[in-house]
K.L.:
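Below: one structure in structure tokens.
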Amino acid sequence: MARNRRLILSPPAEVWRLLSDGHRYGEWVTGNQQVLAVDPGWPAVGTTLRFRVGIGPLTTDDTSIVRICEPGHRLELEAKADPFGAARVAMKLIPWGEHTLFVLDWHPLRGPGTRMHGLPVDYLVKVRNGMMLTKLARIAVAERTATAGS
């Protein structure tokens, strides 16, 4: 399992607002090239988010299904990227004063990732997820600053 933590200098409600807008995942999910479709009601349990991920011309379409949703606190997705398998992506928002401690856990569920699971793969995923959380934090802080300035 790859686990990342990031203190985001915005309250959990602000960070949750970004998570609950599936159309914005392309802004902060590393490797996301295009959001293809977001089910109405996202992020209710069972809804899906479809997007294209990849580097340059090497792409695949990914479908993330909401498995657990506790609005404002926790969101768990099953991210499927055939033929690569699927992974559990668990996001937890912990109030930290007026800010948010964001915990992101990634764990392969099926496919080649389960056989390659371990230090090298977890390290690469951790680096990718760290980049993702940096982007998410920048967006949340920028929007908080813009709202406060209005």
Side-chain angles (χ1 to χ4, degrees), residues 1-94 99-114 116-117 121-147 150:
M1 176 185 344
R3 174 174 284 164
N4 294 72
R5 294 174 190 89
R6 172 78 188 222
L7 182 64
I8 298 178
L9 304 179
S10 288
E14 294 280 328
V15 177
W16 182 259
R17 190 174 51 77
L18 290 168
L19 293 181
S20 63
D21 184 349
H23 296 283
R24 298 199 63 189
Y25 274 55
E27 295 176 40
W28 61 274
V29 174
T30 301
N32 185 317
Q33 291 187 344
Q34 177 185 7
V35 173
L36 302 172
V38 180
D39 281 354
W42 173 269
V45 172
T47 58
T48 63
L49 169 68
R50 290 186 38 244
F51 51 94
R52 183 157 296 136
V53 295
I55 300 170
L58 302 173
T59 64
T60 186
D61 291 351
D62 184 8
T63 301
S64 291
I65 303 165
V66 177
R67 296 299 186 201
I68 298 173
C69 180
E70 296 172 7
H73 305 287
R74 179 176 166 205
L75 182 62
E76 293 200 18
L77 309 175
E78 181 177 338
K80 298 180 189 181
D82 291 326
F84 303 106
R88 172 184 167 262
V89 181
M91 297 169 271
K92 189 172 185 182
L93 286 65
I94 302 168
H99 305 304
T100 306
L101 180 59
F102 194 106
V103 179
L104 176 65
D105 289 330
W106 176 92
H107 187 86
L109 296 171
R110 60 184 170 277
T114 58
M116 297 185 296
H117 187 53
V121 172
D122 285 354
Y123 177 76
L124 293 174
V125 171
K126 190 169 183 161
V127 168
R128 175 190 179 262
N129 290 348
M131 294 166 49
M132 234 169 39
L133 292 184
T134 297
K135 290 180 195 176
L136 181 66
R138 285 184 185 149
I139 294 167
V141 169
E143 290 187 6
R144 181 179 188 198
T145 303
T147 303
S150 297

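Computation of the quantities below employed the complete heavy-atom set of this structure, encompassing side-chain atoms and omitting hydrogens, waters and symmetry-equivalent molecules.
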K.L.:
So, the side chain of Thr100 versus the backbone of Ser10: is there a donor-acceptor pair under 3.5 Å, distance only?
P.N.:
yes
K.L.:
Hey, mind stepping through Gln33 and Thr59 against side-chain contact (heavy atoms from CB on, under 4.5 Å) and telling me if it holds?
P.N.:
CA-CA 8 Å; Gln33 291 187 344; Thr59 64; 2.9 Å; yes
K.L.:
How far does CG of Asn129 sit from CE of Met91, to the nearest 0.5 angstrom?
P.N.:
10.0 Å
K.L.:
Is a donor on one side and an acceptor on the other found under 3.5 Å between the side chain of Lys126 and the backbone of Asn4?
P.N.:
no
K.L.:
Say you draw a straight line from CD1 of Ile94 to CG of Leu101; how long is it, rounded to the nearest 0.5 Å?
P.N.:
4.5 Å
K.L.:
For Arg67, I'd like to know if atom CZ has over 12 heavy atoms of other residues, nucleotides or ligands within 6.0 Å.
P.N.:
yes
K.L.:
Looking at Asp105 and Ala90, would you say the former's side chain and the latter's main chain have a donor-acceptor pair under 3.5 Å?
P.N.:
no
K.L.:
Return the CD to CG distance between Gln34 and Leu36, rounded to the nearest 0.5 Å.
P.N.:
5.0 Å
K.L.:
Is there any ring-ring contact (aromatic ring centres under 6.0 Å, His included) pair reaching into residues 35-62, and which pairs are they, with sequence neighbours excluded?
P.N.:
Tyr25-Trp42
K.L.:
Quick one, Ile139 and Leu18 - any side-chain contact, counting heavy atoms below 4.5 Å?
P.N.:
yes
K.L.:
How about Thr134 and Arg6: do any of their side-chain heavy atoms sit closer than 4.5 Å?
P.N.:
yes
K.L.:
Where do Leu77 and Ser64 come nearest, in terms of heavy atoms and distance?
P.N.:
CD1-CB, 4.2 Å
K.L.:
Is there a side-chain contact between Phe102 and Leu104 (heavy atoms, below 4.5 Å)?
P.N.:
yes
K.L.:
How long is the span from the CG atom in Leu136 to the CG atom in Leu19, to the nearest 0.5 Å?
P.N.:
6.0 Å
K.L.:
So how far is it from Arg128 CZ to Tyr123 OH, rounded to the nearest 0.5 Å?
P.N.:
15.5 Å
K.L.:
Just by modelled atom types, is the Asp62 backbone N or O under 3.5 Å from a matching donor or acceptor in the Arg50 side chain?
P.N.:
no
K.L.:
Do Leu49 and Thr63 have side chains that approach each other closer than 4.5 Å (heavy atoms only, starting at C-beta)?
P.N.:
no
K.L.:
Could you check whether Arg88 pairs with Glu78 (Lys NZ or Arg NE/NH1/NH2 to Asp/Glu carboxylate O, under 4.0 Å)?
P.N.:
no
K.L.:
Please give me the minimum heavy-atom distance between Asn32 and Val35, naming the atom from each residue.
P.N.:
OD1-N, 3.9 Å
K.L.:
Check step by step if side-chain contact (heavy atoms from CB on, under 4.5 Å) holds for Arg74 and Leu93.
P.N.:
CA-CA 6 Å; Arg74 179 176 166 205; Leu93 286 65; over 6 Å; no
K.L.:
Do Val45 and Ile68 make a side-chain contact, defined as non-hydrogen atoms from C-beta onward lying under 4.5 Å apart?
P.N.:
no
K.L.:
Looking at Lys135 and Glu27, what are the two nearest heavy atoms and their distance?
P.N.:
CD-O, 4.0 Å
K.L.:
Hey, are Glu143 and Arg17 close enough for a salt bridge, meaning a charged N less than 4.0 Å from a carboxylate O?
P.N.:
yes
K.L.:
Of the non-hydrogen atoms in Met132 and Val29, which two are nearest, and what is the gap between them?
P.N.:
CG-CA, 3.5 Å
K.L.:
Could you tell me the separation between the CG atom of Leu109 and the NZ atom of Lys80, rounded to the nearest 0.5 Å?
P.N.:
10.0 Å
K.L.:
Identify the heavy atoms of Val15 and Ile8 that sit nearest to each other, and give their distance.
P.N.:
CG2-CG2, 3.8 Å
K.L.:
I'd like to know whether Arg52 forms a side chain to side chain donor-acceptor pair (under 3.5 Å) with Thr60, so could you lay out the CA-CA distance, the side-chain angles of the two residues, the decisive distance to 0.1 Å, and finally the verdict.
P.N.:
CA-CA 6 Å; Arg52 183 157 296 136; Thr60 186; over 6 Å; no
K.L.:
Heavy atoms only: give me the nearest Arg144-Leu9 pair and the separation to one decimal.
P.N.:
NH1-O, 3.0 Å
